[in-house]
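Only heavy atoms go into these numbers, but all of them, side chains included; no hydrogens, no water, no symmetry mates. Remember, it's a predicted structure, so these values are computed and weren't measured experimentally.
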Amino acid sequence: MTGLALPAASTRSEWTRASTASLAGLMAIGVLFTAMAGNRFNVGLIGWIAAVPWLLALRRLRGWREWAVFFLVIQLGTFINIAKIITEPIPVLFAPMFSVPTALGAFVAYAAFEALRRRLGDGWGIVLFPAFTVALEGLSYSTSDMGSWGSLAYSQLDNLPLLQVTSLFGLGGVSLLLALVSVVSAVLIERQDRSRFLPVAVFAAGLVVLAHTYGSVRLDQTLPGPQVTVATVTTDLHMRDGAFPEGEALAAGTDELFARTAEAVSAGAEVVVWNEGATAVAPEAERPFLDRAAAFTREHGVDVLFAYVIPLTDGNYRYENKYVWMTPEGPVETYLKHHPVPGEGAVPGTAPHVAHDRPYGKAAGAICYDYDFPQLSQAHAAAGTGLALIPSSDWRGIDPYHSQMAAVRGIEGGYSVVRSVRWATSLATDALGRVRGSASYFEGERILLASVPTTRIPTLYSQVGDVLPIASGLVLLIAFGAAFRPRQS
């Protein structure tokens with residue numbers, strides 16, 4: 001029993017100081033790992049162990065003061081993580097606006113997990129931590145304005161074989177693997193009887209190997225069907241102090257957009273996508289603008305997504321953020337952005353997501369932040385989409401991270417994604433997430449031409465949807481019932 005005895009009175013202070021130093025060290029590593037996993041300057045390998053310091057620290061927390069410090073350091077790590085994406089023109093206040101609620105949610109999840117683990121033991125804990133991770137991520141992108149931002153899976157955007165798992169189970173499949181590795185690692189580090197958990201560790205390692213093997217095999221295929229040459233065209237116009245240029249400057253910028261579109265068509269483009277809010281059009285000038293757009297598509301025999309904003313109030317703080325999909329036969333869709341970024345003044349659209357039968361295949365569209373919501377990949381897949389066209393506008397701090405996130409929607413749904421982006425990297429990817437073309441706005445590239453497949457390939461995720469978050473939620477309900485059921489006397 002000596003191994004379980006309390007330290008003698010003469011050594012208790014040294015033991016307490018050592019315990020405090022251990023806890024402080026774990027929290028410091030937790031801040032570092034949280035700061036580096038995901039977003040700009042992402043270190044993908046850290047994603048696999050990002051939660052380990054927090055899980056080890058949880059076991060040492062005693063009393064409200066230590067829990068308060070734990071809350072503050074999670075806030076710090078999350079703030080640094082989000083602050084990495086703060087570049088012009090995004091204000092510094094953007095970071096706490098998103099980091100505070102994100103870190104609060106993480107703290108509550110960690111506290112609930114630890115409460116259950118202490119009652120039910122590490123056997124349950126190994127199951128519960130991935131369940132918390134997957135269930136809360138699914139809840140976020142299903143019900144909140146945050147979408148899928150913050151998903152642990154996005155720490156692996158450069159690991160294309162692993163991302164193929166999203167074709168089976170969406171983001172939850174990847175996040176589950178990462179969370180499982182973290183919690184098993186924490187148990188192996190902490191437990192004296194770690195040999196008891198070696199079979200679980202071997203199982204987790206086997207899942208990781210199986211996932212990468214599946215992804216490598218899936219990537220080694222030739223996609224069926226025809227291809228189409230798509231161009232992205234980006235503008236030099238942008239808002240300053242909440243408003244676009246006016247008069248001659250605006251007219252010249254719009255003329256340049258049409259000239260670049262004609263250049264792209266001359267180079268072989270059959271479909272052209274402008275970036276989000278490529279120009280501004282006054283309400284009374286929209287009809288002449290659309291007449292010009294219709295004449296252009298008739299003359300050149302191409303499809304063009306003309307993306308623009310219509311100011312509804314002075315200062316451009318309330319506006320329509322839209323595109324009109326113009327074909328040689330006329331317009332086939334007018335689309336308003338469905339998910340404005342929190343704080344954005346755009347009027348949200350509500351029309352159902354549809355795919356259009358075009359000579360080159362079935363195609364659909366959305367605008368920028370819309371594609372941070374996996375529900376859209378499911379809706380587009382259900383409509384038979386083979387090609388998604390996404391007018392977008394980013395900034396340096398999320399380049400090319402945000403375009404890579406959109407490419408995951410294509411892997412989930414089994415179709416190509418072409419994202420036309422101002423202030424970042426325009427990207428064309430196929431149904432496996434393989435890059436078919438890219439163009440950096442910061443390197444002066446305003447036109448991207450890429451050939452992409454237009455035939456959708458079936459995916460399990462598009463059929464079963466978010467079964468993992470739902471199953472994870474059920475596991476959590478069972479665990480809470482087991483932990484807090486009345487004890488029989």
Taking atom types as modelled, find out whether [X] and [Y] have a side-chain donor-acceptor pair closer than 3.5 angstrom.
X: Thr78; Y: Thr102; result: no
X: Gln404; Y: Tyr154; result: no
X: Arg456; Y: Ser462; result: yes
X: Tyr214; Y: Ser167; result: yes
X: Tyr461; Y: Asp466; result: yes

If I compare all heavy atoms of [X] with all of [Y], which pair ends up nearest, and what's the gap?
X: Val233; Y: Ala264; value: CG2-CB, 4.3 Å
X: Leu237; Y: Pro245; value: CD2-CG, 4.0 Å
X: Ala307; Y: Pro391; value: CB-CB, 3.8 Å
X: Ile49; Y: Phe33; value: O-CD2, 3.5 Å
X: Leu136; Y: Ala109; value: CD1-CB, 3.2 Å
X: Val73; Y: Trp54; value: CG2-CZ3, 3.7 Å

Rounded at 0.5 Å granularity, tell me how far [atom1] in [X] sits from [atom2] in [Y].
X: Ser377; Y: Tyr415; atom1: OG; atom2: OH; value: 5.0 Å
X: Ile398; Y: Ile90; atom1: CD1; atom2: CD1; value: 7.5 Å
X: Leu176; Y: Thr133; atom1: CG; atom2: OG1; value: 8.0 Å
X: Asn321; Y: Ser393; atom1: CG; atom2: OG; value: 9.0 Å
X: Glu284; Y: Ile310; atom1: CD; atom2: CD1; value: 9.5 Å
X: Thr166; Y: Gln156; atom1: OG1; atom2: CD; value: 12.5 Å

Validation row: [X], [Y] side chains within 4.5 angstrom (heavy atoms):
X: Leu427; Y: Val421; answer: no
X: Phe129; Y: Arg117; answer: no
X: Arg436; Y: Pro453; answer: yes
X: Ser426; Y: Tyr441; answer: no
X: Ile390; Y: Asp370; answer: no
X: Glu114; Y: Leu61; answer: no
X: Ser403; Y: Ser392; answer: no
X: Leu219; Y: Pro161; answer: yes

Stepwise, does the side chain to side chain contact (heavy atoms under 4.5 Å, CB included) test hold for Leu23 with Met27?
CA-CA 6 Å; Leu23 181 58; Met27 289 186 180; 3.8 Å; yes
Kindly say whether [Y] contributes a backbone atom to a donor-acceptor pair with the side chain of [X] at under 3.5 angstrom?
X: Ser175; Y: Ala153; value: yes
X: Asn275; Y: Thr235; value: yes
X: Arg60; Y: Glu66; value: no
X: Thr232; Y: Ser420; value: no
X: His338; Y: Ala351; value: yes
X: Trp395; Y: Ile85; value: yes
X: Gln75; Y: Val100; value: yes
X: Tyr401; Y: Asn39; value: yes
X: Asn42; Y: Ser155; value: yes
X: Glu333; Y: Trp325; value: no

Would you check, one step at a time, whether the test side chain to side chain contact (heavy atoms under 4.5 Å, CB included) holds for Tyr308 with Val324?
CA-CA 9 Å; Tyr308 56 100; Val324 173; 3.3 Å; yes
Aromatic rings [X] and [Y]: how do their planes relate, parallel, tilted or perpendicular, breaks at 30° and 60°?
X: Phe94; Y: Phe98; answer: tilted
X: Tyr323; Y: Tyr335; answer: parallel
X: Trp274; Y: Phe258; answer: perpendicular
X: Phe70; Y: Phe107; answer: tilted

Between Arg260 and Glu263, does a salt bridge (charged side-chain N to carboxylate O under 4.0 Å, His left out) hold up when you go through it step by step?
CA-CA 5 Å; Arg260 290 173 182 170; Glu263 182 181 345; over 6 Å; no
Give the intermediate values and the outcome of side-chain hydrogen bond (donor to acceptor under 3.5 Å, both in side chains) for residues Asp399 and Thr425.
CA-CA 6 Å; Asp399 177 34; Thr425 299; 2.7 Å; yes
Please walk me through it: do Leu448 and Val418 pass side chain to side chain contact (heavy atoms under 4.5 Å, CB included)?
CA-CA 10 Å; Leu448 165 68; Val418 176; 5.7 Å; no
Check step by step if salt bridge (charged side-chain N to carboxylate O under 4.0 Å, His left out) holds for Glu256 and Arg446.
CA-CA 11 Å; Glu256 183 62 31; Arg446 298 294 184 264; over 6 Å; no
Check whether more than 12 heavy atoms from other residues, nucleotides or ligands sit under 6.0 Å from atom CG of Leu104, and answer yes or no.
yes
Identified side-chain hydrogen bond (donor to acceptor under 3.5 Å, both in side chains) partner of Tyr371 from the options His380, His402, Arg419:
His380
Quick one: do Met97 and Ile82 satisfy side chain to side chain contact (heavy atoms under 4.5 Å, CB included)? Show the steps, please.
CA-CA 10 Å; Met97 184 174 73; Ile82 295 180; over 6 Å; no
